[in-house]
Each structure stands twice: as structure tokens, then as C-alpha cells.
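Side chains included, hydrogens not; waters and symmetry mates left out as well; all remaining heavy atoms used.
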Amino acid sequence: MAAPRVTMEVGNDGVAIITLINPPVNALAIPIVAGLKDKFEEATSRDDVKAIVLTGNGGRFSGGFDINVFQKVHGAGDVSLMPDVSVELVVNLIEDCKKPIVAAVEGLALGGGLELAMGCHARIAAPKTQLGLPELTLGVIPGTQRLPRLVGLSKAIEMMLLSKSITSEEGWKLGLIDAVVTSEELLKVSRLWALDIAARRKPWIRSLHRTDKLGSLSEAREVLKLARLQAKKTAPNMPQHQACLDVIEEGIVHGGYSGVLKCLLLLRAPEFDLYEAKVFKELVMLDTSRGLVHVFFAQRATSKVPNVTDIGLKPRGVRKVAVIGGGLMGSGIATAHILNNIYVVLKEVNSEYLLKGIKTIEANVRGLVTRGKLTQDKANNALKMLKGVLDYSEFKDVDMVIEAVIESVPLKQKIFSELEKACPPHCILATNTSTIDLNIVGEKTSSQDRIIGAHFFSPAHVMPLLEIVRTERTSAQVILDLMTVGKIIKKVPVVVGNCTGFAVNRAFFPYSQSARLLVSLGVDVFRIDSAIRSFGLPIGPFQLLDLAGYGVAAATSKEFDKAFPDRSFQSPLVDLLLKSGRNGKANGKGLYTYEKGSKPKPDPSVLPIIEECRRLSNIMPGGKPISVTEKEIVEMILFPVVNESCRVLEEGIVVRASDLDVASVLGMSFPSYRGGIVFWADAVGANYVYTSLKKWSQLYGNFFKPSRFLEERATKGIPLSAPVSSSSTSRARL
């Protein structure tokens with residue numbers, strides 16, 4: 001691959017075309033940023049250049065600053081590795097240029113890419129170009145001064161704080177884009193626009209000088225005040241959001257250039273007293289940024305699976321999918337496929353269930369329209385891709401079947417035997433089981449090479465993770481095909497091995513058990529939930545229990561108790577709740593009360609049930625509740641998850657530790673800014689996790705007993721995320 005570079009061509013019309021070339025998204029790598037500075041200085045000094053057009057190669061303007069640099073800074077722990085020539089420096093150079101510069105934007109202009117475009121004196125865009133400033137998702141702040149001046153303060157804050165991109169069409173309505181033209185006309189129109197500015201036929205506008213869209217100072221301060229309150233609620237543990245608002249305010253109060261000085265995070269000029277570098281250093285070196293950047297790269301790595309993606313196979317097209325079972329999961333899976341132009345045949349056992357499933361899918365699609373995430377036309381087209389059936393007659397030409405019936409081994413085995421006869425020989429036979437061993441599911445077929453797990457998370461059309469479960473006999477082609485479908489339906493596919501619970505549910509089965517163990521030790525249910533929410537998960541283990549329903553919890557607990565009897569804690573709590581007529585949110589009676597239009601509230605009437613649970617468990621030391629801090633609650637719930645994750649790593653259930661990080665973030669809503677379960681454990685320290693678990697195991701039993709893998713890594717000082725040797729994986733499987 002050719003080195004990243006910036007080219008310049010001067011036409012007979014006197015317009016210099018400066019082009020970014022760094023496939024696939026023209027990321028602003030260090031050579032690109034330096035090259036931009038050089039080319040703009042050259043164009044400015046040349047007498048034959050009247051005006052300049054900045055564009056990107058290959059139908060994309062720029063995806064923003066090269067995040068690999070952040071990874072190097074984090075790896076070395078040295079912020080001085082950031083380049084001396086910053087994007088912001090080049091943006092200022094563009095804006096203050098004595099010759100007009102027009103950005104010809106196509107495909108995407110994100111982060112530093114959009115900042116470059118906003119520094120130009122006009123912006124011409126191709127249709128459906130993506131525009132946004134997503135830097136907060138990486139723990140740092142974007143350029144904050146120009147966007148509020150171009151689109152207004154409220155919209156700019158929304159785009160920055162939510163990392164929300166808009167299309168060029170919306171950008172034109174807001175004033176961010178000056179014209180939207182076809183891709184074919186983009187350069188021609190941009191050249192003429194630049195010449196018109198030079199000839200004073202069009203206005204020469206420097207974004208940073210504008211104030212017309214900012215409103216009065218008091219109005220701006222009110223908007224910022226509300227934004228700060230909202231950010232405290234939605235991103236309480238993420239300092240970059242508040243820092244972003246601080247820098248925006250600096251620019252509004254003291255003028256755009258003052259804000260830029262605060263934002264010139266990489267410009268190390270002494271006259272600025274390094275304030276801007278201090279802001280950057282504080283943010284980029286925080287665990288928040290380390291965690292977010294780790295998840296970004298970890299998510300990319302999931303698409304590389306040894307002996308699947310590196311052996312020259314090409315994915316086969318999957319155009320028609322059959323889904324068996326129209327319940328909550330089946331209807332969600334069907335919705336995900338039809339929304340992405342894949343034809344779906346939904347099979348049910350009778351007309352009543354089929355109609356219910358179709359209505360659920362229609363409601364899913366309508367919900368997206370109501371929330372503004374889908375147009376009515378697209379919704380209508382999606383629903384045309386769905387057909388309901390009661391038999392296998394439509395299965396003769398399907399490319400994949402996803403079974404999504406109840407967790408019953410005999411039923412699943414019967415279905416797979418029937419599928420083998422009803423489907424073509426190339427058809428992928430997938431199951432959405434969340435716990436059952438795939439070898440047992442396919443035991444009565446001769447097509448084990450086509451059997452694979454497609455484990456979606458509920459609601460399946462919303463949750464981004466797709467756990468792809470392979471057995472030792474699943475073919476590489478089938479794995480690759482399902483990975484490709486996963487990407488088409490906008491999921492992040494993570495390939496995992498076959499065991500009870502697979503990767504995510506297996507690693508997290510101690511999560512609910514440790515919470516119930518703490519309750520039996522006398523810790524308040526609602527205090528546990530509060531501590532876990534403060535840590536960063538959206539809901540605590542008991543609100544999650546209410547949401548899932550007690551029947552599901554009881555069934556999955558039995559599977560894990562059976563698979564891992566040496567380290568399961570069997571709490572009577574769920575059985576007691578069921579006996580009292582409660583089933584969580586499903587019937588409005590759980591550990592919380594549920595009233596329409598209001599948040600769940602702790603239900604004090606469950607306290608006698610909890611007391612009975614403690615009496616039956618009989619594990620409180622000396623019969624008295626234990627005394628624990630919020631920090632200890634979090635650790636006693638999450639360290640057992642780390643412990644089980646170590647076993648998942650040792651057994652080779654995941655390709656790499658970072659896959660488990662991605663799966664924990666996308667499947668279990670583990671906070672992304674903490675980097676995922678293994679990354680977080682390494683940040684806390686393997687030795688600290690090990691000694692804590694060892695202490696608790698001596699006090700409270702085998703549930704907390706450290707795994708061999710954790711003990712080995714802790715005593716040798718090896719990170720948990722370090723690759724597992726093939727010999728230890730083989731040993732673990734014996």
C-alpha cells in the first residue's frame with residue numbers, strides 16, 4: 001500500500017486542487033497533516049494560484065485524525081508522541097489564508113476532517129455525505145469553536161455531545177454546507193465557487209468570525225447550563241463532555257480565537273502557557289480515553305478470525321433467510337434482516353402465533369419510524385420483505401435458517417432434523433440458543449459442518465452484538481458467511497467457541513449470582529443496584545432480573561448450576577419471588593414497582609421475601625449482615641466475572657481477550673469508557689483481583705475461589721489480556 005500523501009495540481013483556471021490520499025477514509029495521519037501544511041504554504045506563495053479546492057481521494061473527504069496515534073500515546077504513556085503540526089494549526093492556516101479555499105466534500109467528513117472543511121471559506125458537498133464530530137467517543141474533545149458559529153449553539157452541542165452525525169442535506173439546511181451537488185459536478189462547482197470568492201462575486205466567510213448564530217450571551221449560557229446538567233446525567237463518568245462545554249463557553253464569552261487557544265490541544269507554543277496542551281494531556285491520558293480507544297480498535301479486530309478470514313475464502317450471498325419462531329427473539333431477528341433488505345420467511349406452529357409474530361415485527365418497524373430513525377418509505381419496503389408461513393414449503397431456496405424457539409433440547413433436535421431435509425444443501429443452519437451446547441442441538445443431523453450459533457441479544461433488532469458460535473466441525477465458509485450477514489444487518493459479529501453460555505453469558509453468569517450472594521450476606525438489594533449504576537452500567541443486577549423475568553432467570557441458573565457446580569451459588573431468592581406471584585416487569589410485580597410513565601421504584605413490600613431468603617441461605621457471619629463500601633460491592637460483583645472471563649480465555653472460547661471486551665460492552669452494556677471486562681481488570685491489576693477473591697473465598701466459600709489462570713497471571717505479573725499459549729489452551733480443554 002502506498003504511503004499516505006497529499007498532492008496538488010494547478011489547473012489552467014488558476015485553481016489548485018489539494019487532495020488527501022490515505023485509503024480507506026483518508027485519515028489525518030501525521031504525514032497527511034504535515035503534507036497539508038506544506039501544500040497550503042506552497043499554494044499561498046505561488047503566483048499562478050488564484051484559489052484552492054481541498055478534497056479527498058476515492059470518494060471520501062476524511063474520516064478524521066488517525067486514531068493509531070492515540071494508541072501509541074497510550075501504549076507508551078507519553079503524550080509528547082503527538083505530532084508538532086496539529087490539525088487545528090492547519091485549520092487556522094486554511095482559515096487565515098490570503099487566497100480563498102473551498103472544501104469539496106464527499107462520502108464523509110468526520111472529526112478533524114469536518115474541522116478542515118469548516119476552516120475553508122465555503123463547503124460544497126455531494127449527496128448523503130456524513131458530517132460529524134465524534135471525538136468525545138474517544139475520550140478527547142473536538143474542535144469546538146466553528147460548528148456553533150455555523151449551525152447554532154444548540155445543534156452544535158447536540159452533534160458534539162451525542163457524537164451525532166448529519167447528512168449533507170441537513171447540513172445545507174443548517175448552514176454548514178453551502179451547496180449540495182452531484183458527485184460528478186463536485187469538483188467543477190467547487191472550482192467555480194472558489195474563483196467567485198476570489199473575484200468577490202461570492203462572500204469570503206471565515207467561520208470563526210461569525211457570531212450571528214450564537215444568540216445573546218445570556219441565552220448561550222442558559223443553553224450551556226442545560227447541556228451540562230444533561231451531560232452529568234447521561235455521561236457522569238466521562239470528563240471530556242464537561243471539558244468540551246467549558247471550551248465552547250470560553251469561545252463564546254471571549255471570542256472564537258480564545259476558544260481555539262483553549263482547543264489548540266497540540267500546539268505547544270509558550271505564549272499560551274500550555275493551557276491547551278494541559279487540557280489535552282489531562283483527557284488523552286485518562287483511563288476514560290484509554291478505554292474508549294481500546295474498544296474502538298478491539299471492535300475492528302473482531303473481523304479478523306484465524307483460519308476463517310485469512311485463507312482466501314469469499315463470502316457467499318445470503319438473500320433469503322428463514323426464521324423459526326416469532327416470539328420476542330425471532331421477531332427481533334426477522335426485523336433486523338428485513339430492515340437491511342434481506343428477504344425473511346417467518347415460520348410458526350399455528351396462525352395465532354404467526355399473526356402475533358408479524359404484528360410484533362410491524363410494531364418494531366413502526367417504532368423506528370416514530371423515533372425518526374426510519375422513513376415511512378423504507379418501513380413499507382422492509383415489511384414487503386417479510387412472509388409468514390406454517391410449513392417448510394418456502395424453505396427450498398433459503399440461504400440460512402435461524403431457529404429461535406424456546407430452550408428445549410428435544411424440540412431443537414426435531415427442528416434441525418426437519419431442516420436438513422427441507423433446506424438446500426448450501427443452507428446455513430443457525431440456532432439462537434443462549435446456553436445449549438451446539439453439538440447436542442445438531443446431534444441428530446449429518447450436517448454438523450453447517451450448524452452454527454447466531455446468538456442475538458434482546459431486543460435483537462436494536463442490540464449491536466451478534467455472538468457467532470462455532471463448533472469444532474463448523475466450516476470456515478459458514479462462519480465467514482454469518483460474519484458477513486452480521487455486518488450487513490449492522491451487528492458487530494464476535495466469533496466464539498462452543499460451551500455452556502458461550503462467551504458473554506458464560507463470563508457473566510457469576511454477575512447475578514454474586515449479587516444474590518451479597519443479598520444473602522445482608523447487603524441491601526437496592527444499594528447493590530445503585531452501586532453498579534454508579535460504576536457505569538445502565539441498570540443494576542436486580543433491575544435486570546426484573547426485566548428478564550424470573551422464569552428465564554430460574555431456567556438459565558439451572559443450566560449454569562449443572563455445568564459449573566463447583567462455583568455456583570444457589571440462592572433461593574428467585575424461587576421465593578415466583579412463589580409470591582411476582583415475575584418482574586412482565587407482570588408489574590418485582591423487586592421494583594412499575595407504573596406507566598414513571599421510573600421503576602424500589603418496592604418495600606419485597607423486604608420480608610428478602611429476609612426469608614437470608615434465613616434460608618444462612619450464610620451471614622455470626623448471623624449479622626456484613627459491612628461493605630460501594631467500591632467493595634462493585635468488586636464483589638464484578639471480580640467473579642473477571643474470574644470466569646479468565647477461564648473463558650484459558651479455554652480458548654474467544655479468539656483474543658479484546659473480543660471479550662467488545663462482547664461485554666455490546667452485549668452486557670459494560671461501560672465502554674472502562675474498556676471492557678478484561679481491559680478494566682488489567683487496569684485494576686490482576687494481583688489485586690486475585691488477592692481480593694482469595695480473601696473472599698476464605699470468608700464466604702468456593703464461589704469466589706480464584707481460577708488457575710488468574711492465579712498464574714497475577715503471581716507472574718502477566719496482564720490478563722496477554723495472548724494465551726496454545727499449550728495452555730489445550731491443557732484447559734482436557
| field | Glu348 and Lys356 ion-paired at < 4.0 Å | value | no
Test salt bridge (Lys or Arg N to Asp or Glu O under 4.0 Å), reference Arg506, set Glu651, Glu467, Glu559, output is Glu651
Could you check whether any side-chain N or O of Asn583 sits under 3.5 Å from a backbone N or O of Tyr550, counting only pairs where one atom can act as donor and the other as acceptor? yes
With heavy-atom distances below 4.5 Å as the criterion, would you say the side chains of Asp529 and Tyr592 are in contact? yes
Donor + acceptor pair across side chains of Gln513, Ser571 (<3.5 Å)
no
- Task: For Ser568 and Gln570, indicate whether the former's side chain and the latter's backbone hold a donor-acceptor pair under 3.5 Å.
- Result: no
ask   = Is it the case that more than 12 heavy atoms not belonging to Tyr353 sit under 6.0 Å from its OH atom?
value = no
Under 3.5 Å donor-acceptor, Ser168 side chain and Gly171 backbone:
no
Answer yes or no: is there an ion pair linking Lys414 with Glu418, defined by an N-O contact shorter than 4.0 Å? yes
Open item on the list: For Tyr392, does the six-membered ring have the charged nitrogen or CZ of Lys347 within the cation-pi criterion, i.e. under 6.0 angstrom from the centroid and within 45° of the normal?
Closed with: yes
State, with a plain yes or no, whether a side-chain heavy atom of Ile415 is found less than 4.5 Å away from one of Lys412.
no
Sequence neighbours excluded and cut-off under 3.5 Å, please list the side-chain donor-acceptor pairs for residues 304-314, or say none.
residue : atom : partner : partner atom : Å
Thr309  : OG1  : Val305  : N            : 2.9
Thr309  : OG1  : Val305  : O            : 3.1
Asp310  : OD1  : Asn307  : N            : 2.8

- Query: Hey, is the main chain of Val678 close enough, under 3.5 Å, to the side chain of Asp661 for a donor-acceptor pair?
  - Reply: yes
Review point. So with a 6.0 Å cut-off around CZ of Arg319, is the heavy-atom count from everything else above 12?
Key: no
(message) When you measure from the side chain of Asp659 to the backbone of Val494, do you find a donor-acceptor pair of N or O atoms at a distance under 3.5 Å?
(response) no
Quiz item: Short question: side chain of Arg450, backbone of Pro425 - any donor-acceptor pair under 3.5 Å?
Solution: yes
- So, Thr435 versus Glu407: side-chain donor-acceptor pair below 3.5 Å or not? yes
Q) Is there a donor-acceptor pair closer than 3.5 Å between any side-chain N or O of Asn26 and the backbone N or O of Arg60? A) yes
Look at atom NZ of Lys320 and say whether more than 12 heavy atoms of other residues, nucleotides or ligands are closer to it than 6.0 Å.
yes
- prompt: With a 4.5 Å heavy-atom cut-off, do Tyr594 and Asp546 have their side chains touching?
  reply: yes
Between Ala430 and Phe416, the two heavy atoms sitting closest are O-CZ, 3.7 Å
ask   = Are any side-chain N or O atoms of Gln130 and backbone N or O atoms of Ser165, one a donor and one an acceptor, separated by less than 3.5 Å?
value = no
What do you reckon, is NZ of Lys373 surrounded by more than 12 foreign heavy atoms closer than 6.0 Å?
no
When you look at Asp377 and Thr375, which way does the side chain to side chain donor-acceptor pair (under 3.5 Å) test go after all the steps?
CA-CA 5 Å; Asp377 278 354; Thr375 65; 5.7 Å; no
